[in-house]
2 protein chains.
Amino acid sequence: MSNNQFKRGELYSVINGVASTAVARRLQKNFRNAGLEITIEQWSILYHLWKEDGLSQQELCTRTFRDKASITRLIDNIEKLGLVERIASKDDRRVNLVYLTDAAKPLQEATYNLANQTMNEALQGISKEEIEIVKSVFQRVYENSK
Amino acid sequence: MSNNQFKRGELYSVINGVASTAVARRLQKNFRNAGLEITIEQWSILYHLWKEDGLSQQELCTRTFRDKASITRLIDNIEKLGLVERIASKDDRRVNLVYLTDAAKPLQEATYNLANQTMNEALQGISKEEIEIVKSVFQRVYENSK
DNA sequence: TTATATTAGTTGCATAACTAACTATATGTC
DNA sequence: GACATATAGTTAGTTATGCAACTAATATAA
């Protein structure tokens with residue numbers, strides 16, 4: 001066993017998702033402080049629906065890197081909040097399409113502003129080139145690991 | 001609201017921890033396939049204890065970026081598996097020191113090997129310079145966000 | 001066209017995360 | 001020494017995650 005090899009890149013910190021959870025926690029706090037009673041996980045679903053409404057649950061699995069069961073329950077909870085509704089697809093009766101309700105619309109601008117602000121703070125002192133490298137590394141790590 | 005600003009760096013993917021969860025899931029699978037019945041969260045605690053045995057729960061909070069409650073239950077579960085034990089500190093009776101049991105020792109080499117292998121696979125095609133940049137960015141994002 | 005396999009979604013079970021409220025011990029100040 | 005404050009850890013309550021087993025609908029193949 002080679003500790004030296006293991007420490008190459010200290011990927012241990014990647015596994016723990018240190019940076020990502022720190023940003024996520026900060027954003028969650030900012031939501032709460034602003035009186036927005038949603039979790040970042042719920043927000044990550046809304047985020048995709050704001051970009052394209054009426055996605056299937058399966059499509060949300062793919063786009064948010066979660067399994068079917070996680071999406072089922074996340075949608076359950078967001079539906080309870082009255083922010084989305086499931087509508088059965090007419091083309092394929094196995095499929096639920098998830099649509100935003102009117103109640104979700106006002107959340108969009110407020111959360112986008114908070115997300116922008118949170119991310120700008122998180123990214124202070126970090127160049128666009130560095131961000132590009134991180135994105136590129138993430139993509140390759142993801143492809144290598146799935 | 002500026003979508004353009006928001007997309008700078010697609011930090012959204014950082015928030016979702018795409019890469020880190022992919023590696024973590026892969027490592028978890030490799031543990032299971034090897035008959036090692038521990039979670040990566042449990043392993044992250046053992047990892048720190050293998051480096052330095054007898055840490056306090058508070059110290060484990062700091063080193064693994066978790067809160068007190070999470071550590072309490074993680075230690076509960078690892079203790080149930082018989083891999084660690086809590087021993088009250090003689091210096092400060094509020095403090096629990098967490099010690100590895102003999103049963104935890106054999107796990108070290110097996111899991112280190114799997115972690116090495118998993119990380120090497122995850123890091124294929126990624127240079128040391130890129131890893132250094134990711135580490136550096138992570139550190140700054142963490143500092144900016146805590 | 002019937003049998004088989006695949007796909008979308010749900011549910012049960014276990015682990016883990018965070019917040020907030022709580023107990024017990026230590027520390028600091030008057 | 002007594003009272004206030006800070007620190008270490010536990011517990012309760014809620015949300016989220018993953019796997020595995022399940023149902024229902026669709027697609028494929030004999």
Side-chain angles (χ1 to χ4, degrees), chain A residues 15-18 20-33 37-45 55-81 83-84 86-98 146, chain B residues 15-18 20-33 36-45 55-62 64-81 83-84 86-98 146:
Chain A
I15 283 187
N16 262 13
V18 171
S20 61
T21 56
V23 181
R25 278 183 217 167
R26 164 63 54 188
L27 183 53
Q28 178 73 77
K29 269 184 197 166
N30 290 347
F31 282 169
R32 202 168 19 242
N33 291 342
E37 294 299 332
I38 56 171
T39 66
I40 25 131
E41 290 86 0
Q42 294 167 356
W43 175 78
S44 76
I45 300 293
L55 296 172
S56 69
Q57 295 189 196
Q58 182 53 51
E59 188 56 34
L60 286 169
C61 291
T62 307
R63 299 197 187 189
T64 68
F65 305 94
R66 292 181 174 93
D67 76 348
K68 299 185 292 182
S70 299
I71 291 298
T72 292
R73 296 203 240 231
L74 259 182
I75 302 296
D76 284 348
N77 287 337
I78 307 174
E79 203 168 30
K80 271 181 217 152
L81 294 174
L83 299 175
V84 299
R86 290 170 162 100
I87 296 183
S89 167
K90 286 161 188 165
D91 300 335
D92 185 336
R93 287 195 296 165
R94 291 172 303 183
V95 173
N96 284 340
L97 302 176
V98 183
K146 71 182 180 185
Chain B
I15 283 187
N16 262 13
V18 171
S20 60
T21 56
V23 181
R25 278 183 216 168
R26 164 63 54 186
L27 183 53
Q28 178 74 74
K29 268 184 196 165
N30 290 347
F31 281 169
R32 204 169 15 244
N33 291 341
L36 302 171
E37 295 299 331
I38 56 172
T39 66
I40 26 129
E41 291 85 359
Q42 294 166 358
W43 174 78
S44 76
I45 299 293
L55 296 173
S56 69
Q57 295 190 195
Q58 182 53 51
E59 188 57 34
L60 286 168
C61 291
T62 307
T64 68
F65 304 95
R66 292 182 175 94
D67 75 348
K68 298 185 293 182
S70 300
I71 292 296
T72 292
R73 309 247 205 194
L74 260 182
I75 302 296
D76 284 349
N77 286 337
I78 306 173
E79 202 169 31
K80 270 182 218 153
L81 294 173
L83 299 175
V84 299
R86 291 170 161 100
I87 297 182
S89 168
K90 286 163 187 165
D91 299 335
D92 185 338
R93 286 195 297 165
R94 293 171 302 182
V95 172
N96 284 340
L97 302 177
V98 183
K146 72 181 178 186

Chemist: Can you measure E41(B) atom CD to dT17(D) atom C1' for me and round it to whole angstrom units?
Modeler: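 Rounded to the whole Å, the gap is 9 Å.
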Chemist: Side chain to side chain contact (heavy atoms under 4.5 Å, CB included) between I75(B) and L60(B): does it pass, once the steps are laid out?
Modeler: CA-CA 10 Å; I75(B) 302 296; L60(B) 286 168; 4.0 Å; yes
Chemist: How long is the span from the OG1 atom in T62(B) to the CD atom in Q58(B), to the nearest 0.5 Å?
Modeler: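 It is 5.0 Å, given to the nearest 0.5 Å.
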Chemist: Looking only at heavy atoms, which two atoms of A24(B) and I40(B) are closest? And how far apart?
Modeler: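 The answer is CB-CD1, 3.6 Å.
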Chemist: Give Q42(B) one of three labels, base, sugar-phosphate or nothing, depending on what nucleic acid heavy atoms sit under 4.0 Å from its own.
Modeler: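 Result for Q42(B) = sugar-phosphate.
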Chemist: Starting from P on dT15(D), measure out to CZ on R32(A) and report it in whole angstrom.
Modeler: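 The answer, rounded to whole Å, is 13 Å.
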Chemist: Check every nucleotide of DNA chain C for an atom under 4.0 Å from a heavy-atom of chain B, then give the first and the last such nucleotide from 5' to 3'.
Modeler: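 That gives a stretch of dT15(C) to dA26(C).
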Chemist: To the nearest Å, how far apart are R66(B) CZ and dT17(D) P?
Modeler: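 That distance rounds to 16 Å.
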Chemist: Take K29(A) and R93(B), find for each the nucleotide of DNA chain C with the closest heavy atom, and name the residue whose nucleotide sits nearer the 5' end.
Modeler: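 The answer here is K29(A).
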Chemist: Given 3.5 Å as the limit, does a donor-acceptor pair link the side chain of Q28(B) with the main chain of I38(B), or not?
Modeler: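 Side chain of Q28(B) to backbone of I38(B): a pair is present.
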Chemist: Look up atom CD in E59(B) and atom CG in N96(B), then write down how far apart they are to the nearest 0.5 Å.
Modeler: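 Spacing of CD (E59(B)) from CG (N96(B)) equals 14.5 Å.
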Chemist: Just to be sure I understand: a Watson-Crick pair is purine N1 to pyrimidine N3 plus N6-O4 or O6-N4, both under 3.5 Å. Using that and G-U wobbles, which stems of three or more pairs involve DNA chain C?
Modeler: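 DNA chain C forms these stems: C:1-30 with D:1-30.
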Chemist: Hey, is D67(A) close enough to R73(A) for a salt bridge, meaning N to O under 4.0 Å?
Modeler: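 No salt bridge links D67(A) with R73(A).
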Chemist: Using a 4.0 Å heavy-atom cut-off across all strands, classify K80(B) as base, sugar-phosphate, or nothing.
Modeler: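 The answer is nothing, as K80(B) stays clear of every strand by at least 4.0 Å.
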Chemist: Determine yes or no for a side-chain-to-main-chain donor-acceptor pair under 3.5 angstrom, with E79(B) supplying the side chain and R86(B) the backbone.
Modeler: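 Pair found, side chain donor or acceptor close to backbone of R86(B).
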Chemist: For K90(A) and L74(A), take the nucleotide of DNA chain D holding the closest heavy atom to each; which residue's nucleotide lies nearer the 5' end?
Modeler: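 First, find each residue's nearest nucleotide; the 5'-ward one identifies L74(A).
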Chemist: For R66(A) versus S44(A), what's the shortest heavy-atom pair and its separation?
Modeler: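 What the structure gives for the nearest pair is NH1-OG, 3.1 Å.
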Chemist: Find out whether L81(B) and Q42(B) are in side-chain contact, i.e. whether some heavy atom of one side chain is under 4.5 Å from a heavy atom of the other.
Modeler: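 Yes, at least one pair of side-chain atoms sits under 4.5 Å.
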Chemist: Side chain to side chain contact (heavy atoms under 4.5 Å, CB included), that's the test. Do I71(B) and I45(B) meet it? Break it down for me.
Modeler: CA-CA 9 Å; I71(B) 292 296; I45(B) 299 293; 3.8 Å; yes
Chemist: For the atom pair CG (L27(B)) and CZ (R32(B)), what is the distance rounded to the nearest 0.5 Å?
Modeler: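 One gets 10.5 Å once the value is rounded to the nearest 0.5 Å.
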Chemist: Please give, in whole Å, the distance from dC19(D) C1' to I40(B) CD1?
Modeler: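 Those two atoms, CD1 and C1', are 14 Å apart.
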Chemist: For every nucleotide of nucleotides 3-11 of chain D, 5' to 3': is a protein heavy atom under 4.0 Å from its base (B), only from its sugar-phosphate (S), or from neither (-)?
Modeler: ---BBBBBB
